[in-house]
A.B. asks: 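What follows is a single structure, and I will ask about it in a moment.
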2 protein chains.
Amino acid sequence: MERTSQKRLSREAGIASAGEGASRRGRLDLFKFVPFRLNRLAAEVSMALSSEYEARYGLDIPEWRVLATLGFRKEACSAQYIAQCTRTHKSTISRAVTTLLERELIERVANTDDRREFRLRMTRKGKALYDELVPRLLRREQEILACLSAQERRMLGQLLGKIEQSLDLIQTSEEADAKDAY
Amino acid sequence: MERTSQKRLSREAGIASAGEGASRRGRLDLFKFVPFRLNRLAAEVSMALSSEYEARYGLDIPEWRVLATLGFRKEACSAQYIAQCTRTHKSTISRAVTTLLERELIERVANTDDRREFRLRMTRKGKALYDELVPRLLRREQEILACLSAQERRMLGQLLGKIEQSLDLIQTSEEADAKDAY
DNA sequence: ATAAGATAGTTGCAAGTGAAACCATTTTGC
DNA sequence: GCAAAATGGTTTCACTTGCAACTATCTTAT
């Protein structure tokens, strides 16, 4: 680890005293630029979590997302559904599903109504892994957010929610219903 | 576009009423799980921005990061510095630098003090591109954050800052100095 | 009833990325 | 002063991923 330039680095980095915007006289301060900060933060947080599901359980992110979706919903659901819901490309989900099937963590049930589609659900083995993994991940999340007060955590959630909503990342049931109705 | 499952999807998604945590009776709600939300949000925001630097200027993210770093700092700096500062792998930076050199958007100056290292700086052409690009990106950022009040934007920045700091993503000058001193 | 279009899911291909090996140079330790 | 370790930067390799093409099935329109 070399310190010299690391030191220089942080000279203007400091703690991004956000709110005042990322620009000053036509220059752009990456450290105050929200898209960059989100990217970096997401990458770092992912890294911090991957030691749980990756190193310990041999799952990668797409595989974890499949399990997370199946674990949260009670009924079996389709690959397509998982892809939309996690906003992950369907080919990525397809590969994750293949791996999980091979490891017998999930299983497929043919859908007689529509033979293109398969319903997926966790096997007993998969559920066991899920039950073991979830508390660990939640603990990690709490560790990461430990620097925030309960109030601040709530605030963060709300702010993220607003941005998600404005980016249409999450559809409220009303919106979905509306679109469905017409 | 299939609506049926999309509709189901949002039933429990709703707007993550954060703060109450992502868990309920041993299940984990991805939509309330901060690591997942950050990932998804970062991906989406990146996508929204890429139309600017990618489609319009043929830059990818690493290349943009190099320019952003060079543009913000007044003096020429090394590839290593850029890598640390943007937390991007050095091989990725190396490739981005190669491309930018070919496009003559940046140039290298040999460092006589240490002949392993090269100082990088923008060419006139690079600076011109930068000056054109930055306002566009800032505008996009504002569009994305338009759903937040000034107060909320400030808050978001502070919250991100706290998490960054706790993850050691940003070193304050004091920390850097301290580590340097010993 | 049938052809045209949509949809679920899989797979081949190309591009991007991180890890590790590598080269050249500089620093460290004895 | 010299061998060993460290550092800046490049390159190779393996892997992941997104896109697009493809198959099979279902829906729609005429």
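Order of the sequence lines fixes the chain letters, A, B, ..., with proteins taken first and strands second; residue numbering starts at 1 for each chain.
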A.B. asks: Which pairs of donor and acceptor atoms, one on a side chain in residues 99-112 of chain B, lie under 3.5 Å apart (sequence neighbours left out)?
C.D. replies:
| from | atom 1 | to | atom 2 | distance (Å) |
| --- | --- | --- | --- | --- |
| B/Thr99 | OG1 | B/Arg95 | O | 3.0 |
| B/Arg103 | NH1 | B/Tyr57 | O | 3.3 |
| B/Arg103 | NH1 | B/Gly58 | O | 3.1 |
| B/Arg103 | NH2 | B/Tyr57 | O | 3.0 |
| B/Glu107 | OE2 | B/Arg121 | NE | 2.9 |
| B/Asn111 | OD1 | B/Asp113 | N | 2.9 |
| B/Asn111 | ND2 | B/Glu117 | OE2 | 3.3 |

A.B. asks: Under a 3.5 Å cutoff, is there a donor and acceptor pairing between the side chains of A/Arg136 and A/Tyr53?
C.D. replies: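 No, no side-chain donor-acceptor contact under 3.5 Å.
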
A.B. asks: Taking atom types as modelled, find out whether A/Arg140 and A/Ser51 have a side-chain donor-acceptor pair closer than 3.5 angstrom.
C.D. replies: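 The answer is yes; a qualifying pair exists.
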
A.B. asks: Given C/dT17, D/dG9, D/dT17, which nucleotide is nearest the side-chain atoms of B/Pro62?
C.D. replies: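 The answer is C/dT17, which lies nearest to the side chain.
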
A.B. asks: Taking only nitrogen or oxygen atoms into account, show me every contact under 3.5 Å that the protein makes with nucleotides 20-25 of chain C, one pair per line with its distance.
C.D. replies:
| from | atom 1 | to | atom 2 | distance (Å) |
| --- | --- | --- | --- | --- |
| C/dT25 | O2 | B/Arg116 | NH1 | 3.4 |

A.B. asks: What's the CD-P distance between B/Gln80 and D/dG9, to the nearest Å?
C.D. replies: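 Between P of D/dG9 and CD of B/Gln80: 6 Å.
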
A.B. asks: Does B/Arg119 put a side-chain nitrogen or oxygen below 4.0 Å from OP1 or OP2 of D/dG9?
C.D. replies: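 No, B/Arg119 has no side-chain N/O under 4.0 Å of OP1/OP2 on D/dG9.
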
A.B. asks: More 5' along DNA chain D: A/Thr88 or A/Thr112, using each one's nearest nucleotide?
C.D. replies: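 So the residue in question is A/Thr88.
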
A.B. asks: In whole angstroms, how far is the P atom of C/dA15 from the CD atom of B/Glu63?
C.D. replies: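 Rounded to whole Å, this separation is 14 Å.
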
A.B. asks: Identify, between A/Met47 and A/Ser94, the residue whose nearest nucleotide on DNA chain C lies closer to the 5' end.
C.D. replies: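 Nearest-nucleotide comparison on DNA chain C picks A/Ser94.
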
A.B. asks: Is there a chain of hydrophobic side chains (I, L, V, M, F, W, Y, each step under 4.5 Å between heavy atoms) that links A/Val134 to A/Met122?
C.D. replies: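 Yes, because A/Val134 and A/Met122 connect within a single hydrophobic cluster, where side-chain heavy atoms sit under 4.5 Å apart.
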
A.B. asks: Rounded off to whole Å, could you give me the CG-to-C1' distance for the B/Asn39 and D/dT16 pair?
C.D. replies: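 The distance from CG of B/Asn39 to C1' of D/dT16 comes to 15 Å, rounded to the nearest Å.
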
A.B. asks: Mind calculating the distance between CD1 (B/Ile93) and C1' (D/dG8) to the nearest angstrom?
C.D. replies: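 The distance from CD1 of B/Ile93 to C1' of D/dG8 comes to 13 Å, rounded to the nearest Å.
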
A.B. asks: Taking atom P of D/dT16 as reference, at what distance in whole Å does atom CH2 of A/Trp64 sit?
C.D. replies: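 The answer, rounded to whole Å, is 19 Å.
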
A.B. asks: Between D/dG9 atom C1' and B/Leu101 atom CG, what is the distance in whole Å?
C.D. replies: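 After rounding, the gap between these two atoms is 12 Å.
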
A.B. asks: Using every non-hydrogen atom in the two residues, find where B/Phe33 and A/Trp64 come nearest and quote the distance to one decimal.
C.D. replies: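 B/Phe33 and A/Trp64 have their closest heavy atoms at CE2-CZ2, 4.4 Å.
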
A.B. asks: Are the side chain of B/Thr69 and the backbone of B/Arg65 linked by a donor-acceptor contact shorter than 3.5 Å?
C.D. replies: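 Yes; judged by distance alone, with no hydrogens or angles, the pair exists.
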
A.B. asks: Could you check whether the side chain of A/Arg95 and the base of C/dG9 have a donor-acceptor pair of N or O atoms closer than 3.5 Å, going by distance alone?
C.D. replies: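 There is none.
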
A.B. asks: Please state whether the base of C/dG9 and the side chain of A/Arg108 form at least one donor-acceptor pair under 3.5 Å?
C.D. replies: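 Looking at the base of C/dG9, it does not pair with any donor or acceptor on the side chain of A/Arg108 (distance under 3.5 Å).
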
A.B. asks: Give the rounded distance in Å between these two atoms: CD of B/Glu117 and C1' of C/dT27.
C.D. replies: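 One finds 14 Å between C1' of C/dT27 and CD of B/Glu117, rounded.
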
A.B. asks: Are any of the side-chain heavy atoms of A/Ile61 and A/Ser50 separated by less than 4.5 Å?
C.D. replies: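 Result no, sub-4.5 Å side-chain heavy-atom pair not found.
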
A.B. asks: To the nearest Å, give me how far apart CG (A/Asp113) and C1' (D/dT27) are.
C.D. replies: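 My rounded result for the distance is 14 Å.
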
